[in-house]
Amino acid sequence: MADEIKLPELESRNFIHAFIEEDIAPGGQYEGMTVHTRFPPEPNGYLHIGHCKALTIDFGTAEKYGGLCNLRMDDTNPTKEDEEFVEAIKEDIHWLGFDWGDRFFYGSDYFEEDYRQAEGLIKKGLAYVCQLTPEEFKEYRGGVGVPARSPWRDRPIEESLDLFHRMRAGEFPDGAMTLRAKIDLASGNFNMRDPVLYRINHLPHHRHGNTWCIYPMYDFAHPIQDALEGITHSLCSLEFEAHRPLYNWVVEHCDLPSKPRQIEFARLGIDHTVMSKRKLRRLVEEGRVSGWDDPRMPTLCGLRRRGYTPRSIRSFCERIGVAKSANIVEYGFLEHCLREDLNETARRVMAVLRPVKLTVTNYPEGKTETVTVENNPVDPAAGTREVCFSRSLWVEAEDFLEAPVPKYKRLYPGGPECRLKGAYLIRCTGCVKDQAGNVTEILCEYDPESRGGDPADGRKVKGATIHWVDAATAADAEVRLYSDLFTDPDPDAADKDFIDCLNPNSLEILTGCKVEAALADASAPANFQFMRLGYFCLDSKDAAPGHLVFNRSVSLKDSFKK
RNA sequence: AGCGGGUUUGUGUAAAGGUAGCACAGCAGACUCUGACUCUGUAUGUGAGGGUUCGAAUCCUUCACCCGCUGCCA
């Protein structure tokens with residue numbers, strides 16, 4: 001069962017809604033009918049965030065109008081599809097919180113019906129068996145202003161019917177013949193130039209084994225599947241726009257229980273990100289990433305490992321809107337959506353990434369005490385935890401500067417009073433350096449009257465609050481620095497291979513960039529991801545999901561430096 | 001070239017002839033036990049020209065530019 005994911009109510013209304021409302025209004029094509037949609041992934045790869053946009057539209061539209069959305073594996077081409085992907089796809093969709101109930105289907109389960117419909121078309125003289133070889137087919141296809149040709153177009157119905165039966169019976173090798181719709185060889189829309197309806201392919205199907213050796217094309221199978229399932233609105237991406245006339249042709253000429261309508265929308269683009277399934281597949285196959293769930297991938301399972309929450313991804317997809325113009329959303333917006341969610345839900349733990357020793361010189365040697373820190377300042381219900389404090393601590397190296405820059409309000413000799421989060425107020429008194437001039441130890445004095453972080457006299461603290469960990473009790477942790485497979489420049493714009501556009505930093509990180517980290521909370525999980533913009537995220541592949549928030553930021557631009 | 005689409009601020013998206021709004025990013029402040037979060041303020045936009053109208057992002061028209069299609073893939 002899918003997890004319930006609560007999203008804020010959005011006043012969303014887009015052009016698809018406008019079409020649908022026309023359709024179901026009095027006098028409309030679907031007056032009085034319930035709107036039904038479907039999400040039809042092809043099981044030939046893993047789902048990525050672009051699919052979440054489609055999911056959001058498909059499920060969201062059905063829900064908005066009180067209908068249902070089916071999940072249907074679009075598996076009409078056995079060359080690429082595999083059962084491996086079916087389960088992964090279902091898992092990812094459930095992870096996002098979408099629920100198809102008991103309406104899970106396979107396009108291939110309609111093969112018999114597809115076949116029957118094809119026979120019907122032949123009998124009506126609307127389809128014929130064409131014996132052009134693939135090479136001839138290409139040659140005879142024509143061009144702009146030049147009609148296509150097929151010498152088999154006017155073959156008698158009985159002959160086509162017979163050949164079609166024998167195609168199914170396996171009498172012919174791959175590519176020997178096809179079943180084509182008889183539409184318009186001169187159409188300016190190439191999809192209407194007698195499109196192929198069936199091709200021969202002697203390849204076992206992942207579900208039907210060797211039952212079939214002819215398989216219906218998407219353009220033929222899809223409208224039939226939609227109609228059979230009672231889908232009223234078949235929402236798909238823009239590249240199918242030119243196929244809509246063919247979709248309508250099939251709906252019109254086949255013997256179907258309903259007449260679904262196809263509406264297209266623009267697919268999601270995100271800057272600096274590789275999104276096409278073809279490219280993602282190549283990254284996996286060439287071993288440039290560890291798998292489909294490599295944390296740098298924009299796949300749902302990759303994002304999951306990087307610590308993205310389902311809610312944040314859904315929120316993102318809700319808020320980017322739906323239109324027909326090409327769009328490239330800034331990656332920063334995705335991050336905003338994550339931050340927004342994490343800020344409310346992530347349990348905080350103090351951690352130090354690039355540690356430098358800090359000694360509280362006036363704190364008794366050998367003494368230890370525990371202080372209380374809240375687990376999530378914006379959610380008191382998250383409770384508090386006890387953290388060990390002593391004379392010797394680790395703090396972030398960047399929290400100290402020997403010579404301060406303007407507006408710097410952290411530690412420097414003679415600087416402002418700062419707060420060690422949840423512990424005491426301190427004042428920096430100096431530092432110790434090695435021969436090379438590197439700071440090896442920060443020295444400070446604390447105010448014993450400020451236990452818990454608040455001064456006894458209620459004075460304002462000018463400096464920043466600094467996170468820290470106790471040197472003696474800190475747990476070592478391996479922190480993995482992940483970034484996306486950011487590309488620069490845009491992989492689609494350049495005429496070079498997108499592999500050459502990948503951010504070299506993210507490739508380097510693949511080898512396992514380890515950063516020493518000490519965790520204040522000894523019970524904290526030992527396996528973290530460090531996300532840009534200041535979040536630690538637990539690698540949910542190895543342990544239960546969770547997040548730790550860190551208080552420094554790194555921007556996208558920084559990921560290209562060095 | 002033929003067919004099909006598209007064009008609202010840096011990005012995404014609203015405005016169904018009637019104040020061009022929202023979110024993110026930016027900038028400037030305030031607040032804060034995370035330089036986070038939150039809050040406040042602020043700059044930037046209807047591709048171009050003509051027409052209809054009291055009034056046009058919206059309707060008409062001409063043009064410009066951008067994208068998709070020419071698999072026996074989906």
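Each chain gets a letter, A, B and so on, in the order its sequence line appears, and its residues count up from 1. From a predicted model like this one, the values you see are computed outputs, not experimental measurements.
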Expressed as a whole number of Å, how far does the C1' atom of A48(B) sit from that of A56(B)?
16 Å
Check every strand shown and say whether Glu42(A) touches a base, only sugar-phosphate, or nothing at a heavy-atom separation below 4.0 Å.
sugar-phosphate
So which one's nearest nucleotide on RNA chain B is more toward 5', Arg244(A) or Ala323(A)?
Arg244(A)
In terms of side-chain heavy atoms of Glu239(A), which of G68(B), U34(B), U32(B) is nearest?
G68(B)
Name the nucleic acid region contacted by Tyr198(A), choosing base, sugar-phosphate or nothing; use a 4.0 angstrom heavy-atom cut-off, strictly under.
nothing
The side chain of His336(A) lies closest to which of these nucleotides: C73(B), C24(B), G12(B)?
C24(B)
Regarding Asn77(A) and Tyr218(A), do their side chains bring together a donor and an acceptor under 3.5 Å, going by distance alone?
no
Need one value for Ile320(A): base, sugar-phosphate or nothing, where a base atom within 4.0 Å counts as base even if backbone is also close, heavy atoms only.
sugar-phosphate
Does Arg72(A) place a side-chain N or O at less than 4.0 Å from the phosphate oxygens OP1/OP2 of A74(B)?
no
Is Pro377(A) touching bases, backbone alone, or none of the nucleic acid, heavy atoms closer than 4.0 Å?
base
Just by distance, no angles: are the side chains of Tyr308(A) and Glu335(A) close enough, under 3.5 Å, to form a donor-acceptor pair?
no
Please examine the side chains of Val250(A) and Asp219(A), heavy atoms only from C-beta on, and report whether any two atoms are closer than 4.5 Å.
no
Answer yes or no: side-chain N or O of Glu264(A) and base N or O of G5(B) forming a donor-acceptor pair under 3.5 Å.
no
Could you work out which one of G35(B), G6(B), C24(B) sits closest to the side chain of Arg410(A)?
G35(B)
For residues Leu235(A) and Arg38(A), determine if any side-chain heavy atom of one lies less than 4.5 Å from a side-chain heavy atom of the other.
yes
Output the rounded distance in Å from CG (Leu334(A)) to C1' (A25(B)).
14 Å
What about His243(A) and Tyr247(A), are their ring centers closer than 6.0 Å?
no
Closest to the Lys421(A) side chain: A74(B), U34(B), C24(B)?
U34(B)
Given atom CG of Leu246(A) and atom P of C3(B), what is their separation to the nearest angstrom?
18 Å
Between Asn189(A) and Ser187(A), is there a side-chain donor-acceptor contact under 3.5 Å, judged purely by atom types and distance?
no
Which pairs with one or both residues in residues 180-199 of chain A pass ring pair (Phe, Tyr, Trp, His ring centres under 6.0 Å), sequence neighbours excluded?
Phe164(A)-Tyr198(A), Tyr198(A)-Phe220(A)
With rounding to the nearest 0.5 angstrom, report the OG to CD1 distance, Ser450(A) to Ile426(A).
9.5 Å
Any donor-acceptor pair under 3.5 Å joining the side chain of Arg319(A) to the base of G12(B)?
no
Using a 3.5 Å cut-off on both pairing distances, which stems of three or more Watson-Crick or G-U pairs include RNA chain B?
B:2-7 with B:64-69, B:10-13 with B:21-24, B:26-30 with B:38-42, B:47-51 with B:59-63
Looking only at N and O atoms, is any donor in the side chain of His467(A) or the base of A36(B) less than 3.5 Å from an acceptor on the other one?
no
Cationic tip of Arg207(A) within the cone over Tyr106(A)'s six-membered ring, i.e. under 6.0 Å and within 45° of the normal?
yes
Which residues, if any, of residues 74-83 of chain A bring a heavy atom under 4.0 Å of RNA chain B?
Asp74(A), Thr76(A), Asn77(A), Lys80(A)
